[in-house]
Amino acid sequence: MAQKPSIPKGTRDFSATEMARRNYIFDTISQVYKLFGFQQIETPAMENLSTLMGKYGEEGDKLLFKILNSGDFLSGIDRTKIQDIQSQKLTSDISEKGLRYDLTVPFARYVVMHRNEIQFPFKRFQIQPVWRADRPQKGRYREFYQCDADIIGSQSLLNEIELIQMIDEVFKRLNINVVIKINNRKILAGIAEYIGAPEHLIAITVALDKLDKIGEEAVINEMIANGISTSSIEKLKPLLKVQNQNNADKLEYLKQFLLGLPIGMKGIEEMEEIFAFAETIKLQNKIQLDLTLARGLNYYTGAIFEVAALDVKMGSICGGGRYDNLTGIFGMPDVSGVGISFGADRIYDVLLELDGFPKNQMQNTSILIVNFGGSEAIQAMSIATALRNAGISCMLFPETIKIAKQFNFANVLQIPYVLIAGSNEVETGKLNLKDMNQGTQELLFIDQIIEKLQNH
RNA sequence: GUGGUUGUAGCUCAGUCGGUUAGAGUAGUGGAUUGUGGUUCCAUUGGUCGUGGGUUCGAAUCCCAUCUUCCACCCCA
């Protein structure tokens, strides 16, 4: 008996309408990327696990999809590992490849491998799927597309500004109102130092990140659970009070605390410079300094970004930041980069909820030519060729069936014109063109049809 | 990974207290209408009731497991 087909958890098929809409998103983003001088690359779906492991923190390693080695993958394995069922220890023996978790780490690997061919600073963009073994839910899939743009080999904060401009431009073109949240890892490091818990930077940032979601009390409880002392937390509390001020006031307020701390002051300087640049360009959307923005990825060292839609409840739809030494782990130190990534699948869900997709995405074929069979069909093929040579998309219905059926086909596929070229029409050279939306039809020579459709 | 939730025709969903042959709308197919679609009318094809076990004289319905969906946590795009 035939088995019922299915696809893996958290993956999806994309049908024609969905693809038209997805391409609208991809096209918008890549047009903006190209406009800003970024060049497209692609990297393999799978990477060596040695490239991926340890780059995303402990949680990230768990969420990596690992690929079983080919062939007799159990030969030569230490028997005790199998007997003891130590699957964690066994993993490195039976799997040496994994599906990529994001596009940034493979990009760092790419830069190191191709360093001699690359002209720095290198601006690249990359639109490809990534995979995470997370539990799926709304806006979270196991296979999803990221749309990355990174500038590597330049420490200038102009890059941060350019990324902000691109974020603003993309969401302007997509008609989504957003807030661009920005923070700086150096400020967070300064805060951690100020409260006397620099070794807990990651725990502090992860807890802080949840402030607006779970509230101050729950954040403090989480910090205590992570071994942060109560005296540190007391010193932190006044810093949590700055959320309702404007960006400049927040920075001024912070200075009081971070005055003697070089890292923190450097972070504040960077933010001041970025905001000063931002003043000089016109942005559609608001930029907001958000001290609770932390981002889980460990490799960020400077500015960090996150974008949230204002009119739809959804996780972040774009994120990114500066990383000073991501290539260092692959043996190429002191190369700073900064990048952003749009989450195309979440943007899709946001646009769907806003009813924000263009309405005419499905009209890919302009004309359906009715098939009458025999010599008329052969005649129809040359009409189709003439139309295509003029750049008009058309198709000849492949079967000779009742023409009511053929009309219905055009109707369901929303093909706006049906061309009838039967024996009557072929005799006079004037073809019957029916406008499916108006219900009208007229007799036209082929040249007139081309003219009409081209001016359409 | 933890807790909860969901699954019946291609799609959207009914299905009573466990009781005969599981229904509707829509889509599909044929016709009313042999060269004209959308509207209308008539007829009609689709079901391992997610899957596997169990309880029962009898299971879509109750129980267990598993997969899937969605949600919360964790984390993230």
Exercise. What stems, by residue range, does RNA chain B take part in, given at least 3 consecutive Watson-Crick or G-U pairs under 3.5 Å?
Worked result: B:1-4 with B:70-73, B:10-13 with B:23-26, B:28-32 with B:40-44, B:50-54 with B:62-66

Protein N or O to nucleotides 3-13 of chain B N or O, pairs below 3.5 Å:
from	atom 1	to	atom 2	distance (Å)
B/G3	O6	A/Arg135	NH1	3.1

Problem set entry | salt bridge (Lys or Arg N to Asp or Glu O under 4.0 Å) partners of A/Lys9, counting only residues at least two apart | none

Problem set entry | Partners passing salt bridge (Lys or Arg N to Asp or Glu O under 4.0 Å) against A/Lys123 (at least two apart in sequence or in another chain) |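 Testing A/Lys123 for salt bridge (Lys or Arg N to Asp or Glu O under 4.0 Å), a comparison that skips the adjacent residues, returns A/Glu162.
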
For this session: Record whether the side chain of A/Gln137 comes under 3.5 Å of the base of B/U69 through a donor-acceptor pair of N or O atoms.
Result: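 Absent.
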
Problem set entry | Any donor-acceptor N/O pair under 3.5 Å between B/G37 base and A/Gln414 side chain |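 Answer no: no donor N or O sits under 3.5 Å from an acceptor.
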
Nucleotides 65-68 of chain B: which of its N/O atoms have a protein N/O under 3.5 Å away?
from	atom 1	to	atom 2	distance (Å)
B/U68	OP2	A/Lys9	NZ	3.3

Problem set entry | Stacking of A/Phe144 on B/A77 base (centres under 5.5 Å, planes under 30°) | yes

Please write out the pairs of protein N or O atoms and N or O atoms of nucleotides 28-33 of chain B separated by less than 3.5 Å, giving the distance to one decimal.
from	atom 1	to	atom 2	distance (Å)
B/G30	OP2	A/Lys405	NZ	3.1

For this session: May I ask you to say what A/Glu425 touches in the nucleic acid, namely base, sugar-phosphate or nothing, with a heavy-atom cut-off under 4.0 Å?
Result: base

Exercise. Given that A/Glu59 and A/Ile420 both sit by RNA chain B, which one's nearest nucleotide is further toward the 5' end?
Worked result: A/Ile420

Seminar exercise, completed: By nearest-heavy-atom nucleotide on RNA chain B, the more 5' of A/Arg346 and A/Ala421 is A/Ala421

